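Structure, as structure tokens:
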Amino acid sequence: MDRRRFLKGSLATAAATTLLPLATQSTRADPGDRPSLPLPNLIDVKKSGRLDLVAQHGNHSFASGNPSATLGYNQDYLGPVVRARRGQDVAVRLLNDLQEPMATHWHGLLVPGEADGGPHQAIRPGGVWEPVLSIDQPPSTAWFHAHTHPHTARQVYAGLAGVFQIDDGRDDERGLPHQHGVDDFTLIIQDRRFDQLGRLEYRLGMFDRMHGFQGDHILVNGAHYPRARMPRSVVRLRLLNGSNARIYHLRFDDGRPMHVIASDSGYWPQPVAADELRLAPGERIEVLVDFRDGHDARLVTGPDQNQGGPGMMGMMSGLRSFTSSVLEGDTPVLTFHPGSKKAAIDQLPETIDDELPAPPTAFARRRHLTLDMMLGGMPMMGGMMGGSGGPTMGINGQPFDMQRINAEVGLGATEHWTIESNMLMHPFHIHGVRFRVLADELGRTPRLENRGYKDTVLVDGRAEIAVEFTQPASRETPFMYHCHILEHEDAGMMGHFSVS
Ligand code: C2O
Ligand code: CU
Ligand code: CU
């Protein structure tokens, strides 16, 4: 081989290896080699009362891959962490700088329908939306994301998601860490697929349409298996599952406990230690983790278990082999490297907040919702073979219809909803409310993740919830309820209701 050819050959090899790192990065690599955890920009609106957001096109390189076409709020991919104070008004100015319509919803905020940002409030390209958010709810970690029917899945996947935190200024009294990026980490967990050049990939095969789209790389704040540096102290993690469909089973590989302090809609009375936490799309959970021993530790996830019952398995096993997104065993999510510094808050608090009231027992009305994949006979085959290019999803047998309101709820009412799922588990979310889980797959003593106030619950067969409707919503700007597997939502597993 002559020298030129040899050089050319080795260059090609070198190029191939630098272009492939996302696909080939060993998850067993020395954690010291990992990228550092990206810290989302903090926008504290407590003083200004103003929030300026621009939904924009981006060009983002994931690891050393080629740049990907992405979307973000005020940046290339994802958005900032917004911090607001309980009791304040936040005047939002959201510019849609995309070449397509886009709606942005505040997931977890208790605001009226006209400020909620559901699909009825899509902003045209170049348009501006200016809702005022009256923040009047307990401290919690909410988020915001695209909600453009039927393009939510693609837009969120491309990066349209950010975090919205509500603070009441009393975390010091509670003994809770709250310094963003120092001892309080906001972690947006998402799974993504990349092509041979390391570019973000979103192409839906039939398996993806049925199960929702899953990736084989787990990113935190946009980085694949990053490394966080923190003080040798008790640290707060605000975990958000911002994935389209993947359900995480999170734990530390050295067995250290996570002390849960909050679910979706606010604090728990005391920290509760857990070895493993299940986190479905749309859900948040906040934990304290004790790193006073100074040892490195890894947060890992077990495989997604949402593979369906025997019927689904049989039907889908053929399709499953077409996807590369199945992760077996434990997959690392994030590695923690405590430094030598300590933090101001260096112990686990005993109590955090007031005791939770007993769940309601008197209800204005009961409703039944069945989350349907239109399987079993014609509906599914029609959907799969029909012109829509995918299966039809629905609730109580009906796919989402923008023109037809599904329910009218009384303002101030507390209702009892029973939600049933078949074939797969579905994370069920309701806008503009918080609820208590009365029963889940474990029965009348709900699993740990379902304690406290929630706005999203993973329905594994059946869940019963007590929902408080405290915010008004007109028929023009109604609230949504839907499966938070975004491909299911886009395929019609969604409904909407007014509150008056
Ligand atoms: Cu997080 Cu209707 O969505
Ligand atoms: Cu929501
Ligand atoms: Cu679903």
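Keep in mind it's a predicted model, so treat the numbers as computed, not measured. Whatever order the structure lists them in is the order used to number ligands and atoms, beginning at 1.
- Summary: ND1 is the N/O/S atom of H426 found nearest to the Cu ion (ligand 3).
- Judged by distance alone, the side chain of T148 and the main-chain N or O of A146 form no donor-acceptor pair under 3.5 Å.
- A salt bridge is absent between R447 and D460; no separation between the charged side-chain nitrogens and carboxylate oxygens falls under 4.0 Å.
- Aromatic ring orientation, H105 versus H107: tilted (interplanar angle from 30° to 60°).
- Under the ring-ring contact (aromatic ring centres under 6.0 Å, His included) criterion, Y157 pairs with Y202, F213, not counting sequence neighbours.
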Side-chain donor-acceptor pairs of residues 51-60 under 3.5 Å, sequence neighbours excluded:
from, atom 1, to, atom 2, distance (Å)
Q56, NE2, Q75, O, 3.4
H57, NE2, Q99, N, 3.2

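- Among heteroatoms of the N, O or S kind in H145, NE2 lies nearest atom 1 (Cu) of ligand 1.
- Counting heavy atoms from C-beta on, the side chains of E449 and L458 never come closer than 4.5 Å.
- At a cut-off of 2.8 Å, H484 does not coordinate the Cu ion (ligand 3) through any N, O or S atom.
- Taking a cutoff of 4.0 Å between a charged side-chain nitrogen and a carboxylate oxygen, R85 and D167 do not qualify as a salt bridge.
- For the pair SG of C483 and ND1 of H488, the angle whose vertex sits at the Cu ion (ligand 3) is 130° to 10 degrees.
- Partners of H259 by ring-ring contact (aromatic ring centres under 6.0 Å, His included), not counting sequence neighbours: none found.
- Sorted by chain and number, the protein atoms of type N, O or S within less than 2.8 Å of atom 2 (Cu) of ligand 1 are H147 NE2, H431 NE2, H482 NE2.
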